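What you see is a predicted model, and the numbers here were worked out from it, not measured in a lab. So you know, we letter chains A, B, ... as the sequences are listed, proteins then strands, and number each from 1.
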Amino acid sequence: EHLQTRHVSIPAGKSVQYTFPELFFYKPNLWWPNGMGKQSLYNVIITVDVEGYGESDSWSHLFGFRKIESYIDSGTGGRLFKVNGQPIFIRGGNWILSDGLLRLSRKRYKTDIKFHADMNFNMIRCWGGGLAERPEFYHYCDIYGLLVWQEFWITGDVDGRGVPVSNPDGPLDHDLFLLCARDTIKLLRNHPSLALWVGGNEQVPPPDLNNALKNDLKLHPYFVTSEEAGKSIQGLS
Amino acid sequence: MAEIGKIVLDSGWLAARSTEVQLTGTQLTTTHPPSGPTSPWMEAAVPGTVLGTLVKNKVVPDPFYGLENETIIDIADSGREYYTFWFFTTFERKLSGNQHLLLNFRAINYSAEVYLNGHKKVLPKGMFRRHSLDVTDILNPDGQNLLAVLVHPPDHPGEIPPEGGQGGDHEIGKDVATQYVEGWDWIVPIRDRNTGIWDEVSIYITGPVKIIDPHLVSTFFDGYKRVYLHATTELENKSAWVAECNLTIQVSLELEGSICLV
């Protein structure tokens with residue numbers, strides 16, 4: 001059930017997008033945030049063999065089965081999270097980046113993120129004035145069960161506030177911003193620790209960027225189950 | 001046949017300030033490669049930043065100790081050229097027929113010109129984007145390849161007002177880049193604005209067909225008893241003929257030690 005091989009023909013010099021028939025799992029081990037259970041990670045390997053050549057490429061990734069929901073509570077104005085249907089009390093740390101000279105090493109990520117887990121945190125927020133964190137950061141968040149709140153690169157202080165008042169329209173090149181955002185999403189989207197994308201820090205991005213991000217990141221209609229469609233909760237992820 | 005997969009280029013890099021190198025990228029990667037870490041060349045931090053390279057070589061002190069940052073010249077005062085740097089390395093790889101070699105940059109701040117064996121490629125602007133160059137046709141037949149990268153700082157590095165402030169004069173907000181680098185709350189201004197090859201560089205060998213950015217999604221039913229994994233991927237056929245492929249997906253769980261459930 002967890003091994004499939006399919007035949008695909010790809011025209012010369014072309015790219016195609018291929019979707020495997022869905023793989024069925026009965027009661028898989030779920031990925032849980034720190035303090036709620038184990039961080040079960042499955043190894044997913046995709047390989048492509050070409051007739052007359054042999055193995056042409058291979059890709060692997062650790063994948064965690066988990067469902068993360070969040071919405072703004074109308075009573076408190078706070079964002080509430082559920083993981084695998086269970087409400088979770090978020091205890092978070094704020095993350096700028098591991099080093100201002102970008103001396104980003106696996107060892108440092110491992111140490112810093114394990115430290116957050118040892119402090120009984122279950123979420124790290126990556127501030128919009130810093131980086132979209134790197135796959136090595138997310139790897140250790142997957143391992144140690146830290147949910148990640150990842151912001152894009154918009155902040156009020158250089159995008160609309162300050163003295164003199166900064167440009168509220170965000171970076172000059174909006175197309176470049178979206179290109180970078182889309183590429184970053186593709187880089188990070190398979191990590192189970194990735195919980196929430198946010199437009200920026202203390203600021204809503206300019207309308208065209210905000211609308212594009214919201215549109216690109218909304219749940220694909222194929223994955224909205226009838227169970228979810230019946231709910232009236234706004235912002236269900 | 002070279003083994004398929006990724007090789008990270010994270011050692012053996014050299015760097016030099018562009019204004020101190022009188023050679024072109026073509027010369028650096030053909031007839032006049034740097035011979036080693038002798039002036040103006042020094043050992044480079046890749047991935048890393050220009051400032052990180054200067055600290056590594058003790059050309060400037062570590063800005064995060066005491067008030068040492070005050071002794072390092074800011075890009076607003078030095079000009080962008082001061083923090084525009086060449087990075088150089090070599091790699092050895094020989095391909096067999098139908099193999100392809102991609103030169104991957106996972107992130108550069110802010111833009112760059114790449115020279116490989118005398119051939120120029122431009123990496124466009126943007127700090128948070130990947131660049132993937134198919135360099136199969138410009139590899140040297142003997143397997144020895146020379147790579148030079150000229151890295152430019154952000155377009156709007158800005159100035160730091162005497163009183164500091166959030167994001168300095170806010171100019172950095174015009175670029176798609178980290179915004180804290182002009183200083184923020186407790187963060188000192190980063191003198192080079194994080195200019196550099198700041199994330200992984202690798203070469204990647206594939207056959208005629210390459211897997212690009214797979215996407216994994218799971219759906220849950222019946223109280224998490226019935227679960228589905230949905231996998232989509234892009235496949236690129238670089239060859240001049242129709243590629244008949246067998247595409248395989250396998251999911252395993254490491255239960256304990258080296259025991260896997262398939």
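Heavy-atom distances place both the backbone and the side chain of Phe65(A) under 4.5 Å from chain B. When heavy atoms are compared at a cutoff of 4.5 Å, Thr206(B) approaches chain A by way of both its backbone and its side chain. Both the backbone and the side chain of Leu102(A) come within contact range of chain B, judged by heavy atoms closer than 4.5 Å. For chain A, the nearby part of Ala177(B) is the backbone; its heavy atoms alone come within less than 4.5 Å. Heavy-atom distances place both the backbone and the side chain of Ile211(B) under 4.5 Å from chain A. The contact between Ala240(B) and chain A is made entirely by backbone atoms, counting heavy-atom distances below 4.5 Å. At a 4.5 Å heavy-atom cutoff, the contact between Leu41(A) and chain B is made by backbone atoms alone. Of the two parts of Asp169(A), neither the backbone nor the side chain holds a non-hydrogen atom closer than 4.5 Å to a non-hydrogen atom of chain B. Only the side chain of Leu97(A) comes within contact range of chain B, with heavy atoms under 4.5 Å apart. If you measure heavy-atom distances from Val181(B) to chain A, you find no contacts under 4.5 Å at all. For chain A, no part of Pro124(B) is nearby; none of its heavy atoms comes within less than 4.5 Å. Contacts of Arg182(A) with chain B are absent, with no heavy-atom separation under 4.5 Å from either backbone or side chain.
Counting only distance, with no hydrogens or angles, the side chain of Asp183(A) and the backbone of Arg130(B) share a donor-acceptor pair below 3.5 Å. Side-chain atoms of Gln179(B) come within 3.5 Å of backbone atoms of Thr155(A) as a donor-acceptor pair (strictly under, hydrogens ignored). Distance alone, capped at 3.5 Å, is enough to place a donor-acceptor pair between the Tyr224(B) side chain and the Gly85(A) backbone. Here the side chain of Asn246(B) pairs no donor or acceptor atom with the backbone of Asp49(A) at under 3.5 angstrom. Side-chain atoms of Ser56(A) come within 3.5 Å of backbone N or O of Val209(B) as a donor-acceptor pair. Here the side chain of Asn167(A) pairs no donor or acceptor atom with the backbone of Gly173(B) at under 3.5 angstrom. Here the side chain of Asp157(A) pairs no donor or acceptor atom with the backbone of Gly167(B) at under 3.5 angstrom. Without hydrogens or angle criteria, Arg189(A) side chain to Asp213(B) main chain gives a donor-acceptor distance under 3.5 Å.
The pair Arg103(A)-Asp62(B) meets the salt-bridge criterion, with a side-chain N (NZ, NE, NH1 or NH2) lying under 4.0 Å from an Asp/Glu carboxylate O. A salt bridge does not link Asp173(A) with Lys125(B): every distance from a Lys NZ or Arg NE/NH1/NH2 to an Asp or Glu carboxylate oxygen is 4.0 Å or more.
Taking chain A as the reference chain and counting heavy-atom pairs below 4.5 Å, the highest number among Tyr204(B), Trp241(B), Phe64(B), Trp184(B) is found for Trp184(B). Chain B forms more heavy-atom pairs under 4.5 Å with one residue of Gln17(A), Glu51(A), Glu22(A) than with any other, namely Glu22(A). Taking Leu235(B), Thr49(B), Ile4(B) one by one and counting their heavy-atom pairs under 4.5 Å with chain A, the maximum is reached by Leu235(B). Chosen from Glu236(B), His230(B), Lys56(B), the residue pairing most often with chain A at heavy-atom distances under 4.5 Å is His230(B). No other option in Leu104(A), Val44(A), Thr184(A), Leu30(A) has as many heavy-atom pairs under 4.5 Å with chain B as Val44(A). Contact tally against chain A (heavy-atom pairs below 4.5 Å) for Glu234(B), Lys6(B), His156(B), Arg106(B): the top residue is Arg106(B). For the options Val50(B), Val242(B), Asn98(B), heavy-atom pairs under 4.5 Å to chain A are most numerous at Val242(B). If you tally non-hydrogen atom pairs under 4.5 Å between each of Ser58(A), Gly156(A), Gly128(A) and chain B, the highest count goes to Ser58(A). Interface remark: of the candidates Asp199(B), Ile205(B), Ile172(B), Asp199(B) forms the most heavy-atom pairs closer than 4.5 Å to chain A.
Here the CD atom belonging to Glu136(A) is positioned 6.0 Å from the CD atom belonging to Glu200(B), to the nearest 0.5 angstrom. Expressed to the nearest 0.5 Å, how far CZ of Phe177(A) lies from CZ of Phe128(B) amounts to 9.5 Å. With rounding to the nearest 0.5 angstrom, the CG atom of Leu216(B) is 7.5 Å from the NE2 atom of His61(A). Interatomic distance, Ile249(B) CD1 to Thr47(A) OG1, rounded to the nearest 0.5 Å: 9.5 Å. Summarising the geometry, atom CZ belonging to Phe220(B) is positioned 10.5 Å from atom CZ belonging to Phe25(A); distances are rounded to the nearest 0.5 Å. For the atom pair CZ (Phe20(A)) and CG (Leu229(B)), the distance works out to 10.0 Å, reported to the nearest 0.5 Å.
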Dump the intermediate steps for side chain to side chain contact (heavy atoms under 4.5 Å, CB included) on Trp59(A) and Thr233(B), then the final yes or no.
CA-CA 10 Å; Trp59(A) 176 91; Thr233(B) 186; over 6 Å; no
When you look at Gln250(B) and Leu3(A), which way does the side chain to side chain contact (heavy atoms under 4.5 Å, CB included) test go after all the steps?
CA-CA 4 Å; Gln250(B) 178 181 317; Leu3(A) 173 65; 3.7 Å; yes
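No side-chain heavy atom of Arg226(B) sits less than 4.5 Å from a side-chain heavy atom of Tyr26(A). No side-chain heavy atom of Ile212(B) sits under 4.5 Å from any side-chain heavy atom of Lys186(A). The closest side-chain heavy-atom distance from Glu244(B) to Ser9(A) is below 4.5 Å.
When only modelled atom types and interatomic distance are considered, Thr5(A) and Thr248(B) share a side-chain donor-acceptor pair under 3.5 Å.
Minimum interatomic distance between Cys245(B) and Ile10(A) (heavy atoms only, all atoms of both residues): SG-CD1, 3.9 Å. Taking every heavy atom of both residues into account, Cys180(A) and Gly126(B) meet most closely at SG-CA, 4.0 Å. Heavy atoms only, all atoms of each residue included: Arg66(A) and Ser218(B) are closest at O-OG, 4.1 Å. Heavy atoms only, all atoms of each residue included: Ala12(A) and Asn237(B) are closest at CA-ND2, 3.6 Å. Here the closest non-hydrogen pair linking Gly100(A) and Ile190(B) is O-CD1, 3.8 Å. Contact record, Asn190(A) with Pro214(B): ND2-O, 2.9 Å, taken as the closest heavy-atom pair.
Below 30°, between 30° and 60°, or above 60°: for Tyr228(B) and Phe24(A) the angle between ring planes is between 30° and 60°, a tilted geometry.
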